[in-house]
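Comments concern the structure below.
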Amino acid sequence: MGSYSARGVHGHVVHRLGARIVGGDFAEGDTLDIRALGAELDVSLTVMREALKVLAGKGLVDARQKRGTFVRPRSEWNLLDPDLIRWRARDGDTDRLLRDLADLRAVVEPAAAHRAALHRTEADLDALDAALAAMAEAGDDPTPAARADALFHRALLAATGNELLAGMEVFLEPGLLERDRLVHARAASGDPLPSHRAVVEAVRAGDAPGAHRAMLALLARAEEDQGLVNPRPAP
């Protein structure tokens, strides 16, 4: 299940309860007192039940006869769900999320850059150039800078010509937005344009090995910037 709108009563309850579960207010296996939570949030049982259906779709809760509604084990959560990524980033699981995101990007994005160099179209190059222009315009402003960076990586995945890889932006983008929001807001990171432009130049030239190397260099730079905010623990 994808991102759920925060608008309206249902959306408000989904995000309040989801963030509390992800943040650890409720432990795995805890039974939720729906009536008490409804009273606390000042919503009807109907609203509570509808919100819990959404959270069940994200793997956070389940319901059984005689047991009621309970929190499922973390291993059963849909950790790629955009809402879970946002809740993890903002409710106490930032370090692990950023480390996992960095590892996922290291697996996916160099290979995506390699493939993009072989399969990109002129429209793909235009999209990548537009993302670079948006990054330049955003400068150090955290919110537009994060959006421009996400736009770049979305365009790169699309340039692979592989629909499944392009679809991964649904999972990567929420994490990238949160990661960039933290880095741009708290760390004196350098200009991201040169490392991103190097990837585009290699993709434009059809240089697949060069695009792979340029993406590795970009990710190494991202790790340095991320370390200013959330350093990896010593092994």
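The figures here come from the full heavy-atom set of this structure, side chains too, leaving out hydrogens, waters and symmetry mates. Each residue takes its place number in the sequence, starting with 1.
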Given the rule that I, L, V, M, F, W and Y join up when any side-chain heavy atoms are under 4.5 Å apart, are Leu52 and Phe26 in one cluster? yes
Is the shortest heavy-atom distance from the side chain of Leu172 to the side chain of Leu157 under 4.5 Å? yes
Stepwise, does the side chain to side chain contact (heavy atoms under 4.5 Å, CB included) test hold for Val22 with Asp83? CA-CA 10 Å; Val22 171; Asp83 286 329; over 6 Å; no
Can you check side chain to side chain contact (heavy atoms under 4.5 Å, CB included) on Val9 and His12, steps first, answer last? CA-CA 5 Å; Val9 176; His12 175 73; 5.6 Å; no
Minimum heavy-atom distance between Pro110 and Leu216, given as atom pair plus value: CG-CD2, 3.6 Å
Do Ile21 and Trp87 come close enough that some side-chain heavy atom pair is under 4.5 Å? no
Are the side chains of Arg16 and Val13 in touch, meaning some heavy atoms are under 4.5 Å apart? no
Can Asp129 and Arg204 be counted as an ion pair, charged N to O under 4.0 angstrom? yes
Rounded to the nearest 0.5 Å, what separates atom CE in Met135 from atom CG in Asp191? 8.0 Å
If you count every heavy atom of other residues, nucleotides or ligands that lies below 6.0 Å from Glu137 atom CD, does the total exceed 12? no
Should Leu125 and Leu218 be counted in the same cluster of Ile, Leu, Val, Met, Phe, Trp and Tyr side chains packed under 4.5 Å apart? yes
Rounded at 0.5 Å granularity, tell me how far OG1 in Thr160 sits from NE2 in His119. 8.0 Å
Would you indicate whether Glu40, at its atom CD, is surrounded by more than 12 heavy atoms from other residues, nucleotides or ligands within a distance under 6.0 Å? yes
In this structure, CG of Leu128 is separated from CZ of Arg154 (nearest 0.5 Å) by 12.0 Å
Answer yes or no: are there more than 12 heavy-atom neighbours, outside Arg147 itself, under 6.0 Å from its atom CZ? no
If you define the side chain from C-beta out and look only at heavy atoms, does anything of Met48 sit under 4.5 Å from Leu41? yes
How close do Glu223 and Ala102 get, heavy atom to heavy atom, and via which atoms? OE2-CB, 3.1 Å
Here the pair of heavy atoms bringing Ala211 nearest to Val203 is CB-CG2, 4.1 Å
Rounded to the nearest 0.5 Å, the CG atom of Leu132 sits from the CZ atom of Phe152 at a distance of 6.0 Å
For the student: nearest non-hydrogen atoms of Ala202 and Gly210, plus distance: CB-C, 3.7 Å
Donor-acceptor pair, side chain of Asp126 and main chain of Ala123, under 3.5 angstrom: no
As a quick check of understanding, evaluate side chain to side chain contact (heavy atoms under 4.5 Å, CB included) for Arg20 and Leu37, giving each step before the final call. CA-CA 12 Å; Arg20 288 178 66 181; Leu37 286 170; 4.0 Å; yes
When clusters are formed by joining ILVMFWY residues with side-chain heavy atoms under 4.5 Å apart, either directly or through shared neighbours, do Ile34 and Val61 land in the same one? yes
Evaluation steps, side chain to side chain contact (heavy atoms under 4.5 Å, CB included), between Val43 and Glu50: CA-CA 11 Å; Val43 296; Glu50 290 300 315; over 6 Å; no
In this structure, CG of Leu101 is separated from CD1 of Ile85 (nearest 0.5 Å) by 7.5 Å
Taking Ser195's backbone N and O only, do any of them form a donor-acceptor pair with Arg221's side chain (distance below 3.5 Å, no angle check)? no
dist Leu80:CG -> Asp100:CG (nearest 0.5 Å) comes out at 10.0 Å
Taking the side chain as C-beta and beyond, is there a heavy-atom pair between Val199 and Glu109 under 4.5 Å? no
I need the minimum non-hydrogen distance between Leu219 and Ala106, along with the two atoms involved. CD1-CA, 3.8 Å
What I'd like to find out is whether the side chain of His196 reaches to under 4.5 Å of the side chain of Asp149, using heavy atoms alone. yes
Is Glu28 reaching over with its side chain to a backbone N or O of Arg74, donor-acceptor style, under 3.5 angstrom? yes
Please name the pair of heavy atoms, one in Ala166 and one in Ala158, separated by the smallest distance, quoted to 0.1 Å. CB-CA, 4.0 Å
Kindly work out whether a path of hydrophobic side-chain contacts (I/L/V/M/F/W/Y, heavy atoms less than 4.5 Å apart) joins Leu55 to Leu45. yes
Are Arg96 and Arg88 packed together at the side-chain level, in the sense that at least one heavy-atom pair is separated by less than 4.5 angstrom? yes
So, Asn162 side chain and Leu165 main chain: donor-acceptor pair closer than 3.5 Å or not? yes
Determine, using the 4.5 Å side-chain heavy-atom cutoff (strictly less than), whether Val14 and Leu17 are members of one ILVMFWY cluster. yes
